[in-house]
Amino acid sequence: MERTKIIETKEKAGKKVSISGWVTTVRDHGQIAFIMLKDRSAYVQCVLNGGLKEPVGEGYVLEIVGEVKERPEKMRNDKIPTGNVEIEVESYKVLNMSKDLPMPLNTDGKNINEEVRLKYRYLDLRRDRMQKILKLRSDYIAAVREELKKREFIEIETPMLTKATKEGARDFIVPSRFNPGKFYALPQSPQQYKQLMMTAGIERYFQFARCIRDEDLRADRGYEHTQIDLEMSFMNQKEVMQTVEDIIKGAVSAVGGRIKEDPFPVINYKEAMEKYGADKFDLRTEEEKKNNVLAFAWVVNFPFFKKVDAGDEAEKRDGKSGWVFTHNPFSSPIPEHLEWHMKGENIGEIVTAQYDLVCNGLEAGGGSIRAHNPEVLKQTFRIMGYSEEEIQESVGHMLEAFELGTPPHGGIGMGLDRQIMLLAGEDSLKETIAFPMTATGKTAVMDAPSPIGKKDLETLHLDVTDKGGSMVDRIKETLDSLGMVYKYMEHEEVRTSEEAAKIRGVDLSTGAKAMVIKSKEYEGKYIMVVIPADRQLDLEKVKNQLEEEFEIAPAKEVEQYTGLKLGSIPPFARLLKMDLYFDKAMYDKETVAFNCGLRTASIIMKGSDLIKAANPDKKSEKLEFAQ
RNA sequence: GGAGUGGUAGCUCAAUUGGUUAGAGCAUCUCACUGUCACUGAGAAGGUUGCGGGUUCGAGUCCCGUCCAUUCCGCCA
């Protein structure tokens, strides 16, 4: 039988239907039971006369066949759109079961720990609020695309693997396998490519561009974001702004959003700074905030250059002359100030043809009329103190294009995620993205970033070099912070405990042998056991005492997992994110010695101090792992 | 890199100046129930209070360290 969308059941009283979806609640009264079934369209109540035949719980996926019945007047449920009907179940099939859900899904989820929500993002997205946001996002993108198509914009994709730039944000870097020692960068914005599309005669370009930068995250800023990116030829500043404004207004109203002022107010940068103390501001009243009205505004007449902040290394690097651009070096000065610009006069007073779009106190986008004349762009860099050589190196390819008939042009980039956030009335960007990252850059559901194998590193001509060195520092820091006395020594490279004992001039039995072992039961689980260097690890004992089967981890895996060379691994498993067990015999050592991350560095210290500092599992005091 | 806040049951939270056996709601399990709609009622199970150390007769609570999360600053269009 063909599946019916649940929302359609409200029109199908008296008809037999087959519906499929997820169980959200079960109300079991013994001889009668009610199941709430949800699909992408709605919820509906299903009645089981005679009760449940097989157990059904929240999250189960069911296919239900039954008759749609009009509910009696007093039994209607006004809270759901299908509240006038219910399904009298003839039969149901469990398409899939579900374990107990790790978090409730019948709430908006806002008060649930974000860590849990992101780990189970596929469940989190099942909640009504998240489904609405994803739908809104999709609808808004479609509406914007529609507005752009109407105006003859052409959608063009630009490369994801591109060139690292010195200006702007830190790049995300991708190593090149074919070109040892060379790297691509992921795009921070398609700025240069879209300008080249103007040279190409496209005249009107747009793209929903993924932009990526390696800067610290905030609630309203992730590593990657999506930008509504567009560029137009043969348009002046007013015309570009008007076109962008029309597109936004069309798209926002298409998804039911409300805009405060039409046309958008245009405010001078100076005036904004005087009035609001910032170049972004919130024009809404309290009432409008409650009703989720969007208050757009333009900010214009920004200074092109500012004095370099002596405390800012990046600015000092970019602006050797003492001047640095405020927004975008590819912008043009306003026509009235072109002469100053070309002569390098009144630099602090030159105004750029830059326009920022502000919405509800946030920066919604920024763009400008570009410098299409190569001399104007060159002059921008000259003002910042670039030599002719440096100019060629950083924007030579653009200058070349500008010398080959690039028309006057301008455009804008607008943060899509932010617009969705504002439209949805959300406070965090993460709510608008299906699989966002945590504030520390961990991905949802999957645990990235993760180490890659030594072979892969070799293929990419990469070597992770500083792990050993930083490990030494971290161990010293730990010991120093605890006020412990220890002897640190650097020596010739050693590979075995025997060699190490000899070179340290201590007895082999003082050595703390840190062994990484691998669970046979859990893929990718490594733990560390520390035993006296003059004894051997007994895996049978490990198995008996930890009630889990382990094997010695292959050298390659250990080195990949820890980033340290075999023989250099210190008994500080916590620093390597492993569980740590000390053999019982270690608790009796007066003096212990161990390598601390490098094969050429050892520490000798009090046994009791090591145990304190390395912080093994407390039950290991009683466990024996060595033979 | 810096500062703040937080981490107690699967989820959300509580626990008085440091004081008995760490509590509650939801979820789970068992039983009862033919009209519920966040069903209800009776019962049960569920905890290394992130981890380690210290102070104390006694620590979820105070101190130190560490890990994780989160917000802001730095950074970032």
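Letters A, B, ... are given to chains in the order of the sequence lines, protein chains preceding strands, and every chain is numbered from 1. Just so you know, these numbers use all the heavy atoms, side chains as well, and skip hydrogens, waters and symmetry mates.
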| query | If you measure from the Lys or Arg side-chain nitrogens to the Asp or Glu carboxylate oxygens, is any gap between A:Glu224 and A:Arg210 under 4.0 Å? | reply | yes

| message | For A:Arg121, is there an ion pair with A:Glu114 - N to carboxylate O distance below 4.0 angstrom? | response | no

| field | Separation of atom CD in A:Glu115 from atom C1' in B:U71, rounded to whole Å | value | 15 Å

| Ignoring hydrogens and angles, does a donor from either the side chain of A:Arg27 or the base of B:C33 sit under 3.5 Å from an acceptor on the other? | no

| request: Provide, to the nearest angstrom, the distance between the CZ atom belonging to A:Arg71 and the P atom belonging to B:G35. | output: 15 Å

| message | Suppose you measure atom C1' in B:U16 against the same atom in B:A42; what distance do you get, rounded to whole Å? | response | 33 Å

| query | Hey, which of A:Leu362, A:Ile433, A:Asn360, A:Asp427 is the one that makes side-chain contact (heavy atoms from CB on, under 4.5 Å) with A:Met421? | reply | A:Leu362

| Nearest heavy-atom pair of A:Thr162 and A:Tyr193: which atoms, and what distance? | OG1-OH, 3.3 Å

| query | Can you tell me how far C1' of B:A77 sits from CD of A:Gln354, to the nearest Å? | reply | 8 Å

| Residue-phosphate contact under 4.0 Å: A:Lys79 side-chain N/O, B:A38 OP1/OP2 | yes

| message | Below 30° counts as parallel, above 60° as perpendicular, anything between as tilted: where do the rings of A:Phe381 and A:Phe330 land? | response | perpendicular

| said: Counting only heavy atoms from other residues, nucleotides and ligands, does the tally under 6.0 Å from NZ of A:Lys38 exceed 12? | reply: yes

| Expressed in angstrom and rounded to an integer, what is the separation of A:Asp108 atom CG from B:A38 atom P? | 17 Å

| Given B:G35, B:A77, B:A69, the nucleotide with the shortest approach to the side chain of A:Met75 | B:G35

| A:His29 aromatic ring stacked with six-membered ring of B:C39, 5.5 Å and 30° | yes

| How is A:Arg213 classified with respect to the nucleic acid when contacts are heavy atoms under 4.0 Å: base, sugar-phosphate, or nothing? | sugar-phosphate

| Taking the C1' atom of each, how far is B:A59 from B:C75, in whole Å? | 41 Å

| task | Could you tell me the separation between the CD atom of A:Glu224 and the C1' atom of B:A77, rounded to a whole number of Å? | result | 17 Å

| Looking across every strand, which nucleic acid part, if any, lies under 4.0 Å from A:Arg418 by heavy atom: base, sugar-phosphate, or nothing? | nothing

| field | B:C62 and B:G7, which share atom name P, separated by this distance in whole Å | value | 11 Å

| task | Nearest-nucleotide wise, let me know which of A:Asp216 and A:Gly30 is further upstream toward the 5' end of RNA chain B. | result | A:Gly30

| message | Measuring centre to centre across the rings, with the benzene-like ring taken for any Trp, is A:Phe325 within less than 6.0 Å of A:Phe304? | response | no

| said: Less than 4.0 angstrom from a charged side-chain N to a carboxylate O is my criterion; do A:Arg76 and A:Glu70 meet it? | reply: yes

| task | Hey, can you tell me if A:Tyr355 and A:Trp298 have their rings parallel, tilted or perpendicular (30° and 60° cut-offs)? | result | perpendicular

| query | So what does A:Lys119 hit on the nucleic acid, given a heavy-atom distance under 4.0 Å: a base, only sugar-phosphate, or nothing? | reply | nothing

| field | B:C76 OP1/OP2 closer than 4.0 Å to side-chain N/O of A:Gln188 | value | no

| said: Taking B:U30 as the reference, what is the distance to B:U20 when you measure between their C1' atoms (whole Å, please)? | reply: 31 Å

| Salt bridge check: are A:Arg370 and A:Glu231 linked by an N-O gap of less than 4.0 Å? | yes

| query | Expressed in angstrom and rounded to an integer, what is the separation of A:Phe330 atom CZ from B:A77 atom C1'? | reply | 14 Å

| Nearest-Å distance once atom P is located in both B:G18 and B:C63 | 10 Å

| request: Find the distance A:Arg170:CZ to B:A77:P and express it as a whole number of Å. | output: 11 Å

| query | Counting any heavy atom closer than 4.0 Å, what does A:Lys430 reach on the DNA or RNA strands: base, sugar-phosphate only, or nothing? | reply | sugar-phosphate

| task | Quote, to the nearest angstrom, the P distance that separates B:G50 from B:U12. | result | 14 Å

| task | Please tell me which of the listed nucleotides, B:A69, B:A77, B:U36, lies nearest to the side chain of A:Thr438? | result | B:A69

| Of the nucleotides B:C33, B:U34, B:U70, which one has an atom closest to the side chain of A:Asp28? | B:C33

| query | Phosphate oxygens OP1/OP2 of B:C68: is one of them under 4.0 Å from a side-chain N or O of A:Lys442? | reply | no

| Among B:A69, B:C75, B:C72, the one nearest A:Ala219 by side-chain distance | B:C72

| A:Thr25 has a side chain; which of B:U70, B:C37, B:C39 sits nearest to it? | B:C39

Strictly under 3.5 Å: I want the nitrogen or oxygen pairs between protein and nucleotides 9-14 of chain B, one per line.
residue	atom	partner	partner atom	Å
B:G10	O2'	A:Pro102	O	2.8
B:U12	OP1	A:Asn113	N	2.7

For residues 97-104 of chain A, run the donor-acceptor check on the side chains, cut-off 3.5 Å, and write out each pair with its distance to 0.1 Å, sequence neighbours left out.
none

| request: Check every strand shown and say whether A:Asp100 touches a base, only sugar-phosphate, or nothing at a heavy-atom separation below 4.0 Å. | output: sugar-phosphate

| Nearest-angstrom distance, P atom, B:G25 to B:U36 | 24 Å

| field | Same-atom distance (P) from B:C72 to B:A15, integer angstrom | value | 27 Å

| Base, sugar-phosphate, or nothing for A:Thr440, non-hydrogen atoms under 4.0 angstrom? | sugar-phosphate

| Would A:Asp229 and A:Lys194 pass as an ion pair if we require N to O under 4.0 Å? | yes

| Ignoring hydrogens and angles, are the base of B:G74 and the side chain of A:Arg218 linked by a donor-acceptor pair under 3.5 Å? | yes

| task | Please evaluate the base of B:U36 for a donor-acceptor partner in the side chain of A:Gln45 within a cut-off of under 3.5 Å? | result | yes

| Aromatic ring pairing A:Phe572/A:Phe594, orientation class (parallel under 30°, perpendicular over 60°, tilted between) | tilted

| Where the side chain of A:Ala169 is concerned, which of B:G74, B:U70, B:A77 is the nearest nucleotide? | B:A77

| request: Check RNA chain B for consecutive Watson-Crick or G-U pairs with both distances under 3.5 Å and list the runs of at least three as stems. | output: B:1-7 with B:67-73, B:10-13 with B:23-26, B:28-32 with B:40-44, B:50-54 with B:62-66

| query | Could one point to a donor on the side chain of A:Glu215 or the base of B:G74 with an acceptor on the other under 3.5 Å away? | reply | no

| Has the side chain of A:Arg76 got a donor or acceptor atom sitting under 3.5 Å from an opposite partner on the base of B:C37? | no

| field | Distance, rounded to the nearest Å, where A:Ile32 contributes CD1 and B:U40 contributes P | value | 17 Å

| field | Closest-nucleotide 5' rank along RNA chain B - winner of A:Ala439 and A:Glu363 | value | A:Ala439

